[in-house]
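A short worksheet on the structure shown next.
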Protein chains: 2
Amino acid sequence: MTKFKPTDSELEILHILWEKGASSVRDINDLLNTRRDVGYTTTLKLMQIMNEKGLVKRDTAARTHIYKAVVRENETKNNLISDFVNVAFQGSAMNLVMQALGNTSSSVEELSELKSLIAKLENKS
Amino acid sequence: MTKFKPTDSELEILHILWEKGASSVRDINDLLNTRRDVGYTTTLKLMQIMNEKGLVKRDTAARTHIYKAVVRENETKNNLISDFVNVAFQGSAMNLVMQALGNTSSSVEELSELKSLIAKLENKS
DNA sequence: TACTATGTACGAAATTATTCGTAGTTTTAA
DNA sequence: TTAAAACTACGAATAATTTCGTACATAGTA
């Protein structure tokens, strides 16, 4: 299995592609600009680099190229978590989970969702 | 409150300082070299930069300077989590928690520890 | 048609992070 | 006492990321 390691900017674009599906550079740039100023050619360059890296694929049939994510959301996030856990929590994912949970205010609904995930995990073992 | 954003290398050093307490560059470099090759002056430079940034403080009374972490482990990790959640999980810490948990194999002990944390959180609300 | 908007390609500047060599000083030990 | 070892300071090379300008082609429109 290959290792995906998108940069922060790349990840920002991947989130858009995961949510919106295949998109043009214009679409993506417009969405990015609802949050912060980004030049069109900046976004374009990023997409080209992501294409080279194999993070996205593009359809160049029409003049306006259409990009879609190649890497899957879950897989990518799992890789990111695993790197993050290694760098910041010395390998202990549970450590991260506990700290993230303790640091956040959670709703009753979220907590009960979490509890049922735990129940599932307990049944697996 | 100031925002700490240690880089990966800086974090690696902070972990050592948090665990071992105040240390010389030599101490730290030796520990780093149990994992990978790092030149002594590379580590030295890093420590000097961390000092400038205010991540560490040093005692220069003796020829061999002694460095200690200024930023606290919990606070730093919370900042890291919060950044990570923003970049990779679009702000939802619970999302991160669920995915990290689902992606990891957890022991019965860990899960019950987690459950008691959840119980605590439930009582708070 | 001819002007404007929209698109791609690409080079390169700016920034940040990492790495290390060299110079020069002090300490240690043969 | 002198040679080797250990230490700091610092400049600079390298690499990765982000940003954008410029050139040029195509499409739409007045």
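Order of the sequence lines fixes the chain letters, A, B, ..., with proteins taken first and strands second; residue numbering starts at 1 for each chain. FYI, side chains are in, hydrogens and waters are out, and symmetry mates aren't considered; it's all heavy atoms of this structure.
- Taking both residues in full, the closest heavy atoms of A/Gly102 and B/Leu117 are given as N-CD2, 4.4 Å, listed atom of the first, atom of the second, then distance.
- Interface residues of residues 14-31 of chain B facing DNA chain C, ordered by number: none; criterion, heavy-atom separation under 4.0 Å.
- Across the protein-nucleic acid pair, B/Glu12 atom CD and C/dT19 atom P stand 9 Å apart, rounded to whole Å.
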Heavy-atom protein contacts under 4.0 Å, nucleotides 24-30 of chain D, coded B base, S sugar-phosphate only, - none: -BBS---
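- The phosphate of D/dT8 (OP1 or OP2) has a side-chain N or O of B/Tyr40 nearer than 4.0 angstrom.
- Residues forming a ring pair (Phe, Tyr, Trp, His ring centres under 6.0 Å) with A/His15 (at least two apart in sequence, or on another chain): A/Trp18.
- Using modelled atom types, one finds no donor on one side chain facing an acceptor on the other under 3.5 Å when comparing A/Ser82 with A/Asn79.
- Between B/Gln48 and D/dA9 there is a side-chain polar atom (N or O) within less than 4.0 angstrom of OP1 or OP2.
- The separation between A/Met50 atom CE and D/dT19 atom C1' is 16 Å, rounded to whole Å.
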Does A/Lys20 form a salt bridge (Lys or Arg N to Asp or Glu O under 4.0 Å) with A/Asp27? I'd like the steps, not just the answer. CA-CA 10 Å; A/Lys20 306 283 183 185; A/Asp27 293 338; over 6 Å; no
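- Overall bending of the helix from C/dT1-D/dA30 to C/dA30-D/dT1, expressed as the angle between end axes built from five pairs apiece, is 10° (10° steps).
- Of all heavy-atom pairs spanning B/Thr104 and A/Ala93, the tightest one is OG1-CB, 3.5 Å.
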Tell me, with the steps shown, if A/Leu32 and A/Ile13 meet side-chain contact (heavy atoms from CB on, under 4.5 Å). CA-CA 8 Å; A/Leu32 290 178; A/Ile13 289 173; 4.3 Å; yes
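- Applying the side-chain hydrogen bond (donor to acceptor under 3.5 Å, both in side chains) definition to pairs two or more places apart or across chains, none involves residues 84-98 of chain A.
- The closest donor-acceptor contact from the side chain of A/Glu110 to the backbone of A/Ser107 lies under 3.5 Å.
- Note: CE (A/Met47) to C1' (C/dG7) measures 14 Å, nearest angstrom.
- Under a 4.0 Å N-O distance rule, the pair A/Lys53/A/Glu10 qualifies as a salt bridge.
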Let me see the working for A/Leu114 and A/Leu101 under side-chain contact (heavy atoms from CB on, under 4.5 Å), right down to the final yes or no. CA-CA 10 Å; A/Leu114 183 55; A/Leu101 204 54; 3.7 Å; yes
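- Distance CG (A/Asn51) to P (C/dC10): 12 Å, rounded to an integer number of Å.
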Contacts under 3.5 Å, N or O only, protein and nucleotides 16-18 of chain D:
unit_1 : atom_1 : unit_2 : atom_2 : d
D/dT18 : OP1    : A/Ser9 : N      : 3.4
D/dT18 : OP1    : A/Ser9 : OG     : 3.1
D/dT18 : OP2    : A/Thr7 : OG1    : 2.6
D/dT18 : O5'    : A/Ser9 : OG     : 3.3

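- You'll find a donor-acceptor pair under 3.5 Å spanning the side chain of B/Thr41 and the base of C/dG21, going by distance alone.
- When every heavy atom of B/Lys68 is checked against every heavy atom of B/Leu17, the shortest pair comes out as C-CD1, 4.1 Å.
- Salt bridge present: A/Lys115 and B/Glu122 bring a charged side-chain N and a carboxylate O closer than 4.0 Å.
- Across every non-hydrogen atom of A/Pro6 and A/Thr76, the tightest pair is CG-CG2, 3.9 Å.
- Rounded to whole Å, the distance from CG on A/Asn33 to C1' on D/dT19 is 13 Å.
- Taking atom CG on B/Leu11 and atom C1' on C/dT18, their separation rounds to 15 Å, with Å as the unit.
- When each of A/Asp37 and B/Thr64 is assigned the nucleotide of DNA chain D with its nearest heavy atom, B/Thr64 is the one assigned upstream, toward the 5' end.
- In the model, A/Asn33 has a side-chain atom that pairs as donor or acceptor with a side-chain atom of A/Asn29 under 3.5 Å.
- Distance, A/Leu44 CG to C/dG7 P: 10 Å, rounded to whole Å.
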